[in-house]
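Here is the structure we will look at, set down as structure tokens.
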Amino acid sequence: MDEQPRLMHSHAGVGMAGHPGLPQHMQEGTGGTDGDGRKQDIGDILQQIMTITDQSLDEAQARKHALNCHRMKPALFNVLCEIKEKTVLSIRGAQEEEPPDPQLMRLDNMLLAEGVSGPEKGGGSAAAAAAAAASGGAGADNSAEHSDYRAKLSQIRQIYHTELEKYEQACNEFTTHVMNLLREQSRTRPISPKEIERMVSIIHRKFSSIQMQLKQSTCEAVMILRSRFLDARRKRRNFNKQATEILNEYFYSHLSNPYPSEEAKEELAKKCSITVAQVSNWFGNKRIRYKKNIGKFQEEANMYAARTAVSATNASAHGSQANSPSTPNSAVLLLQLQK
DNA sequence: ATTAATGATTAGGA
DNA sequence: TCCTAATCATTAAT
């Protein structure tokens with residue numbers, strides 16, 4: 001019972017400001033007897049609240065309007081917002097600052113590099129040009145394939161953009177809708193602009209995660225397309241017979257050291273009308289495959305050795321003792337031993 | 001339909 | 001950087 005007067009004091013403090021809008025008896029309590037009068041006032045207010053459902057709709061509306069127009073209303077609203085802000089912030093103030101998602105950045109960079117998300121036409125052609133350069137100038141036959149590739153890429157690009165736009169639009173629509181709703185509600189319950197802002201950012205986060213999924217699947221599609229069209233392994237053509245002969249000739253005549261110099265590679269590349277890189281690939285493959293199974297290549301080795309021997313003897317002393325290709329000559333045996 | 005051959009790519013080492 | 005070794009993906013042969 002001694003608790004009561006103290007609690008009442010704080011309430012009375014608000015009431016004692018003497019607003020014209022407050023019920024008459026509440027102001028009367030200030031001057032009169034201390035304890036009993038206020039208890040009476042509280043009882044009245046409670047009574048009013050209990051019977052509020054009995055009031056007519058118009059009456060309630062009028063009361064609400066009066067409350068909204070009250071000159072202390074903005075201040076009270078701010079106080080409530082502040083209190084709410086504090087509690088909300090204390091609940092989840094930690095996860096406010098979000099660093100830019102590295103995953104998303106990776107996807108963005110890749111889409112940009114592939115010319116999907118870049119400027120309208122320039123990016124695509126640049127990527128195609130880079131791809132053409134990377135595939136090696138094996139001939140003029142790949143222009144058709146590249147146009148096919150470009151067509152598919154632009155298809156992906158178009159889908160990506162329309163989807164992205166759809167998401168963007170949906171996000172904006174939803175955001176404005178929510179904002180309007182919140183603004184409307186902020187007339188009747190404490191919602192600060194900051195809170196609306198936070199809500200908007202939450203919505204944006206949700207939508208951007210959806211966008212990330214779109215980016216992810218677009219990246220996958222591009223990767224598949226790339227491997228489908230741009231991987232040189234997929235459109236491999238065997239070298240022509242003549243080129244293979246030239247390469248084998250060099251290989252077997254340098255069997256003790258089958259590592260052509262840069263100049264030798266260039267020469268071979270020119271003679272075979274392939275690139276230096278292809279020459280290097282060929283020698284790399286040949287060396288390892290020869291080493292792995294010398295027996296299998298024995299016949300081939302004999303053949304080329306014999307051929308060079310024949311051409312050599314023919315060239316030097318127009319001789320007529322033709323070596324049969326099936327009989328290994330001394331040069332071959334020598335080379336085998338050295339290896 | 002399988003299998004071998006072959007050109008290209010990749011990881012990892014000196 | 002160039003090499004080896006393993007592997008991939010296609011072509012040629014069976």
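Note on naming: letters A, B, ... go to the chains in the order of the sequence lines (proteins, then strands), and numbering restarts at 1 for each one.
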Would A:Tyr304 and A:Phe251 count as a ring pair (Phe, Tyr, Trp, His ring centres under 6.0 Å) if you check the C-alpha gap in whole Å, the side-chain angles of each, and the deciding distance to 0.1 Å?
CA-CA 9 Å; A:Tyr304 279 101; A:Phe251 180 78; 9.4 Å; no
Considering every strand and a 4.0 Å limit on heavy-atom distances, what is the contact class for A:Asn238: base, sugar-phosphate, or nothing?
sugar-phosphate
Using a heavy-atom cut-off of under 4.0 Å over every strand shown, decide if A:Arg287 touches base, sugar-phosphate, or nothing.
sugar-phosphate
Kindly check if the number of other-residue, nucleotide or ligand heavy atoms within 6.0 Å of [atom1] ([X]) is above 12?
X	atom1	result
A:Met199	CE	no
A:Phe174	CZ	no
A:Gln242	CD	no

Please give, in whole Å, the distance from [N] [atom2] to [X] [atom1]?
X	N	atom1	atom2	result
A:Ile274	B:dA8	CD1	C1'	12 Å
A:Arg236	B:dA8	CZ	C1'	9 Å
A:Arg289	B:dA4	CZ	P	14 Å
A:Asn240	B:dT6	CG	P	14 Å
A:Lys241	B:dG7	NZ	P	12 Å
A:Asn293	B:dA4	CG	P	12 Å
A:Lys286	B:dA5	NZ	P	11 Å
A:Phe297	B:dA5	CZ	C1'	9 Å

Pairs satisfying salt bridge (Lys or Arg N to Asp or Glu O under 4.0 Å), at least one member in residues 246-275 of chain A, at least two apart
none
Qualifying salt bridge (Lys or Arg N to Asp or Glu O under 4.0 Å) pairs, either residue in residues 164-173 of chain A, two or more places apart:
A:Glu163-A:Lys166
Tell me whether the side-chain N/O atoms of A:Lys296 come closer than 4.0 Å to OP1 or OP2 in B:dA5.
yes
Is the distance from OP1 or OP2 of B:dG7 to the nearest side-chain N or O of A:Gln278 less than 4.0 Å?
no
Walk along DNA chain C from 5' to 3' and tell me the first and last nucleotide with an atom closer than 4.0 Å to a non-hydrogen atom of chain A.
C:dC3 to C:dA12
Return whichever of A:Lys292 or A:Glu262 has its heavy-atom-nearest nucleotide of DNA chain C closer to the 5' end.
A:Glu262
If you assign each of A:Asn285 and A:Pro260 to its closest nucleotide in DNA chain C, which residue comes earlier from the 5' end?
A:Pro260
Can a side-chain donor-acceptor contact be found between A:Asn285 and A:Arg287 if the only test is distance below 3.5 angstrom?
no
